[in-house]
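For reference, the structure discussed in these notes is given below.
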Amino acid sequence: MASILGKRLLRVLLTLWAIGSVVFLATRLSGNPIDFLMPEGLDGASRQVMIAYWGLDRPLHEQYWRFWVALAQGDVGIGLAERRAVSTIFAERVAHSASLLLATLALTVAVGVPAGILAAIWRKRARGSAILLLAFLGYATPNFVLGILLILIFSFSLHWLPSAGSATLAHYVMPTVTLAAFFIASLTRYTRNAMLDVLSQDYMRTARAKGYSEGQAILRHGLGNAMIPVITALGLQVTTLVSGAVVVETVFAWHGIGDLLVGATLSRDYPVLQFGVLVVAGAVVLVNILVDLGYAAIDPRVRLAEAS
Amino acid sequence: MPPLLDVQALSVAFGKPQAPKPALEKVSFVVQPGEVVALVGESGSGKSVTAMSVMQLIGREGGRITGGRMLFSPDGAAPVDLAQLEEEKLRRLRGREIAMIFQEPMTSLNPIKTVGVQLAEVLVLHQGASWKAATAEAQRMLDRVHMTEPARRMGQYPHELSGGMRQRVMIGMALLCRPKLLIADEPTTALDVTVQAQIVVLLQELQRETGTAVLFISHDLALVSQIASRVVVMRHGQVVEQAPRDSLLAAPTQPYTRMLLDAAPRLGGGSPAPLPAAAPLLSVRGLSKTFPTPKGPVQAVADVGFDLQAGETLALIGESGCGKSTTARMVMRLIEPTSGSVSIDGRDITALSPRQMQPVRRAMQMVFQDPYASLNPRLSAFDAITEPLAIHAPRMPRAERRARAEAVLRQVHLPADSLDRYPHQFSGGQRQRLCIARALSLEPRILVADEAVSALDVSVQMQVVALLQELQQRLGLACLFISHDIGVVERISHRIAVMRAGRIVESGATQDILRAPREAYTQQLIAAVPRLPQPRAVQEAMVPA
């Protein structure tokens, strides 16, 4: 396990380096960033001062080096809109986003996996088809539509739940449900397919021949095997989850990173955007490590292949 | 005392109740306590359906018991009808009173749980044992099924064990609760002959020790004749004949049983005589293949060399993993050799570019083991047969292609009107004929058959072997015949090369190798082949007057 972790960390550092380099180059290739950062009609002298201040008159390799040194020192610039350190802005918001994502993930797994298993067991019954139909609806409904629909029903009509902000647990209900709906739906379908596959495997027949009931056989021998492809699918969807969070945070005025990035894009807040891309990329990479570790934890064949 | 298992007029059907497809019709047989009974039949005879019905697991496979009784009475207790017993009580019988081992040792164990856990859980489930006690008991069982280093095996996963070891684990698992009845469904079919012989010895030994009755299911009459005291022959879901082993083998009353006995490959049936020496068509020299693996390079084939002339069949035999298939694939240039040469008419083909290789491929075609998997289900017989023509003779007019397809179809004795049918509309034997027809459509000079008859029933096997021989005589085909089945090899090949661990250890004329093998390994291989006892007439004739 330790050697797997070591290899993965090395890969993470390489990935982050690549992403950082792309971000660095992209901001410089799309013209002089100063022209985006400063108000229009800036006079030539002030423009030169700003270029010198940002170090944009230095050779590219020197800028590249300073970019990484600054990043390593935690100096990621100053947000133009809020005129505060970007690191501070993110620090305030990262917990909000992370808690929303974790709540979504927890809800997704808690509902999607059992629903998928039941849909597989009930594949020939109406209940199984009903689960699939619900999953199809969840799959097909855009999250902003669902979010606005929930706000209309539960905030405006019934006054049960708050429609904006993230202060209390009640604030979590609608954003989490909105964000999770799509992922519950897709996880249900993945789990169902994986489970159907597992149910017809020979080792399940062995488990039944041992005297296990169907439920016991599924819990003891089916679930772990079915989770192997499901974990892969879940890992692949994390990027979709992040982009979904951007929309949902905006709909529910959730003070997270998605909301911040939407604002930064509209106001061309380059330092914030640049760091935001790195943070999101880092989060995706992190989840992928977790997926790989989950793999190795479940499947001994993976452990063996990785260890050698 | 009542019999342990008394199956009376058992009928099972698949499909919808409105349109049932019968799989078993009024099957009756008994198993006495401590007795070994064999169910024998070809694929589709209903022998596995019978096994799954006794376990009452047939519902999971989509079947329904539509009639009959299965009276089970352990230790002379009042019989219960397994066909009527509620699920709750059945679960208490399964794995405890009636245990089962399956054909596929590779897939019948859960890949993500250790051997120890999969064994011990049976005791935890049925005897309420603690995990600690169950684990200790499970380890003793591994010792009883003669696993080396049982303590270490407990912590290993199935993929770390060989096929034979996995089947030992399955047997141990089945015997843990000392069942009264053990159902063994083709327990050795997926194993090499030498491993098969070991597993049969183990089963016999444990059966004698524990007094467990065994219902032994197999397609192999010769194997069954070694282990069973009574034999039930099944066909098309019905019992054809049942009798004590000796009388069944000596004097079968039914023509089907006699046909099975005749078709069973047995050694000593004679082989084609070696051909007079001639210039080789295919010549292989110093062929080697090394595969890189995470644990370092593995040499799959090492310094293999042989010649094959037109009209000749050379058999490559050996256990799984010995490099037979890798050799065949290198000859076909489906994989690139690490070193060595493959020459056709004296021209080395290993260095040819893909474009130069194209005309050469016409001369060599291959037939694979699994006729179900090697035909594209979406291509009709015509499309499958003429696909090679589309590659090698794209300008051939459609009418000519059709004529060619009809001609090869006739050669493999399939009706010409089957050209427009799809693979699922053919039986297993017909599909393999289709695969052979596909290989023949280019009029190759060399045919490489990789376990081409291994997946077929004995009666079908015999027909396909006869077909290959007929085609060889008519077309002068050179055939590289890869097989683990020595009975079939004797029947078809002029010469044999025995492979072990990537090398040819011995080669020569078929009868020389089979009658007087020089290498200990070859002797083991031949000795392990199950044989039918000689018919009494032959035995008497052999006794000197």
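So that the names make sense, note that chain A is the first sequence line, chain B the second, and so on, each numbered from 1. Since the model is a prediction, treat every value here as computed from it, not as a measurement.
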Practice problem: Check whether any side-chain N or O of A:Thr206 sits under 3.5 Å from a backbone N or O of B:Ser108 as a donor-acceptor pair, and report yes or no. | Solution: yes
Practice problem: Examine distances only and state if a side-chain atom of A:Lys210 and a backbone atom of B:Glu121 form a donor-acceptor pair shorter than 3.5 Å. | Solution: no
Can you name the nearest heavy-atom pair linking [X] to [Y], along with the distance?
X	Y	value
A:Leu199	B:Arg60	CB-NH2, 4.4 Å
A:Arg220	B:Asn110	O-ND2, 4.2 Å
B:Ile112	A:Ile298	CB-O, 3.5 Å
A:Pro300	B:Pro111	CG-O, 3.3 Å

Look at atom [atom1] of [X] and say whether more than 12 heavy atoms of other residues, nucleotides or ligands are closer to it than 6.0 Å.
X	atom1	answer
B:Tyr157	OH	yes
B:Trp131	CH2	yes
A:Phe136	CZ	no
A:Trp17	CH2	no

Quiz item: Considering only heavy atoms, which portion of B:Leu109 lies under 4.5 Å from any heavy atom of chain A: side chain, backbone, both, or neither?
Solution: backbone
Quiz item: Most heavy-atom pairs under 4.5 angstrom with chain A, which of B:Lys113, B:Met100, B:Gln56?
Solution: B:Lys113
Exercise. Check the pair B:Thr107, A:Tyr203 against side-chain contact (heavy atoms from CB on, under 4.5 Å), reporting the backbone distance first and the verdict last.
Key: CA-CA 6 Å; B:Thr107 53; A:Tyr203 53 78; 5.8 Å; no
Quiz prompt | Stepwise side-chain contact (heavy atoms from CB on, under 4.5 Å) check, B:Gln118 with A:His221 | solution = CA-CA 9 Å; B:Gln118 296 189 56; A:His221 292 283; 4.3 Å; yes
Quiz item: Of all the residues in residues 85-96 of chain B, which have a heavy atom that comes within less than 4.5 Å of a heavy atom in chain A?
Solution: B:Arg91, B:Arg94, B:Gly95
Quiz item: Is there side-chain contact between A:Arg205 and B:Met52, with at least one heavy-atom pair below 4.5 Å?
Solution: yes
